[in-house]
Every structure is written in structure tokens, then in C-alpha cells.
Amino acid sequence: MKILIADDDPVSSRLLDRLLVKWGYEVIAAHDGSEAWEVLQAENSPRVALLAWMMPGIDGLEICRRVRARSAHPYVYILLLTANDKVGNLVEGLESGADDYLTKPFHPQELWKWFPQELARRRHQEAVESPTSGK
Amino acid sequence: MKGDRERCLEGGMDGYVSKPIRPDALFSELARLGPASVQHKTDPATGTTTDSGAISAFDRVALFDRVEGDMDLLGDIIELFKEDSVRQVAAIREAIDKKQADALRRAAHTLKGTCGNLGALEAAATALELEKLAAAGDLPHAQESLRSLEEQIQQASKLLDELKQECVR
């Protein structure tokens, strides 16, 4: 499965890339928001996106809003990566349409925990909601 | 694997950790070897534990956890940190010089994340302070914070270099 990582912090980006590749995912890395938005608009774009909240070009929140404003199929799971720890900010993030968020710096297990179960749950949910495409 | 350990130590090694490396095993081995960069000392008089010197600046345990014991990855991100923190500090300085509060806020924010990931806690805290000063438009004080930040980053880079030499082949 392809996963988009969009983060202008090269350290975060490298950490995520390495972990996800180790876990068997195919990673596409974008270095700013504009690049990320391009990737998400391409054919066969990743269905999972890890977006830095704040980054040059288009920020993570705005990308969420744009993704949610277009057709819901295929659904893109969005995880916001944030160094903001104020509750108000997080609410804003979820309101933009993100599925969840991780506060940086995070422990690999936090990401790991999110991944297999959360994706399996959502895939299942999607199949139930649209039985024809879920065959 | 006691045989291996003994053979390594006889061969002149200072310590031994079997692969796959578990961070706690590596730590106890490093701790045994003496003055680590991060060390908690117990004051015999009071029995309280204090951080030694400036070094609460740096959280090794979290850093090892974050790379899941992957020493190549550790080496990679240390190099990335050294390169990128220089670039980001330059961006911060430029933003202060040009009195661009928004650019300063963004640059400080990114650097805070970078430092946090490397366990450079003190530098991360100063970057946060800069981010707040930028949000408040307080550029004169930002100048002072930048000076501390530069020192802290230099120190973190030095400690990370030492760590890399210890842990990465």
C-alpha cells in the first residue's frame, strides 16, 4: 500500500519513511504542501497521507480541506502530524477533515498502533458502506 | 551468549550488545562504560536524583526508542539534524534581520520539531520560545533567544556526534 508523507522537516520525514518501509509500506515523500497536493491529485494516488500541519506551500490543514471537498471515493485517510499541542489546534485539525493526528515528536509505537488496526477498521467500514465496490 | 561476550571483551572491546539491539540493553552497557552525556546522578547526602550539568538538554532514551534501535537510521538522522539545523538557524536569523515575524514563526516551529525528534529538549524549548515571540511580534527578544538556541544546537550536535561515534559503525 502506498503512503504519502509530507513534511518539510527532513528528520521527521526520514524517520517516518524508514519505519513505514520497514513495516512494508510503499512511501512517497513530499517536501512541502504543494508537492503533496500534486501527489494527491495524480492517478493512483496514495490512499493514506501523513501530513505535517505546518509546512511551506500549502499547509496540512488546507490539504485536508481540499481532499475532503472533492469526491469521497476513493477515501483518503489523513493523519496530521503536529508539533502543536494545544487542544484548540487539534480540534481545528479534526474539523478540517483529518482522521486523526499525531503530536511530534512521537514514539514509533504510536504510529504503529494507529496503522494496522485503524486501517483495517476503516477498510471494513468502507466495504460495508459501499458493498458493490467492496467485493 | 556469554561466550561471545567474553571473547569480545578479551579481544579488547569495551562492551558487548547482541543484535537485534534492544535500546535498554545498549543503554545499560553504555552506562556501565562511564561518563555518558546524559547521566542521572544520585546525591548520596540527600538521595535525590539530579541531572548532571547542562545535559538534561538531551534525551537519549527517547532518541533510541524513536529509531527502534536502528543504528543506521540513528546515524542518518544525526547527519540530517546537523545539516538542517544550520539551515534552519540561518532562516531564523534572516527572518529576524528582515523583521518577518511570520517567517520566523514557521522556521522556529520547524526547528522545534527537528530538535524534538533528536531528543534535543533544551533547543526544542528555546525554539518554542522563539515561535511564541514571533507570534507576539516581539523581534527584539527573539534576537536573544536565537543566541541561546545557537549554543544549544551546537551542544546538541556535539553530543549527537559523540553518540554516533559510540553507536554507529
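All heavy atoms count here, side chains included; hydrogens, waters and symmetry mates do not.
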For chain A, which of [options] has the most heavy-atom pairs under 4.5 Å?
{"options": "B/Leu73, B/Ile77, B/Leu111, B/Thr110", "result": "B/Leu73"}
{"options": "B/Leu118, B/Leu128, B/Asp70", "result": "B/Asp70"}
{"options": "B/Thr114, B/Val67, B/Ile78", "result": "B/Thr114"}

Decide, yes or no, whether a salt bridge links [X] with [Y] under the criterion of side-chain N to carboxylate O below 4.0 Å.
{"X": "A/Glu62", "Y": "A/Arg65", "result": "yes"}
{"X": "B/Lys98", "Y": "B/Glu94", "result": "yes"}
{"X": "B/Asp161", "Y": "B/Lys164", "result": "no"}

Value rounded to 0.5 Å, distance of [atom1] in [X] from [atom2] in [Y]:
{"X": "B/Leu146", "Y": "B/Leu133", "atom1": "CG", "atom2": "CG", "result": "11.0 Å"}
{"X": "B/Leu160", "Y": "B/Gln155", "atom1": "CG", "atom2": "CD", "result": "10.0 Å"}
{"X": "A/Leu80", "Y": "A/Lys104", "atom1": "CG", "atom2": "NZ", "result": "10.5 Å"}
{"X": "B/Cys167", "Y": "B/Glu162", "atom1": "SG", "atom2": "CD", "result": "11.0 Å"}

Do any of residues 12-19 of chain A have a heavy atom less than 4.5 Å from a heavy atom of chain B, and if so, which, in residue order?
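Expected list: A/Ser12, A/Arg14, A/Leu15, A/Arg18, A/Leu19.
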Whatever's closer than 4.5 Å to a heavy atom in chain A on B/Asn117 counts as both
Ranked by heavy-atom pairs below 4.5 Å to chain B, first place among A/Asp9, A/Asp8, A/Asp7 goes to A/Asp9
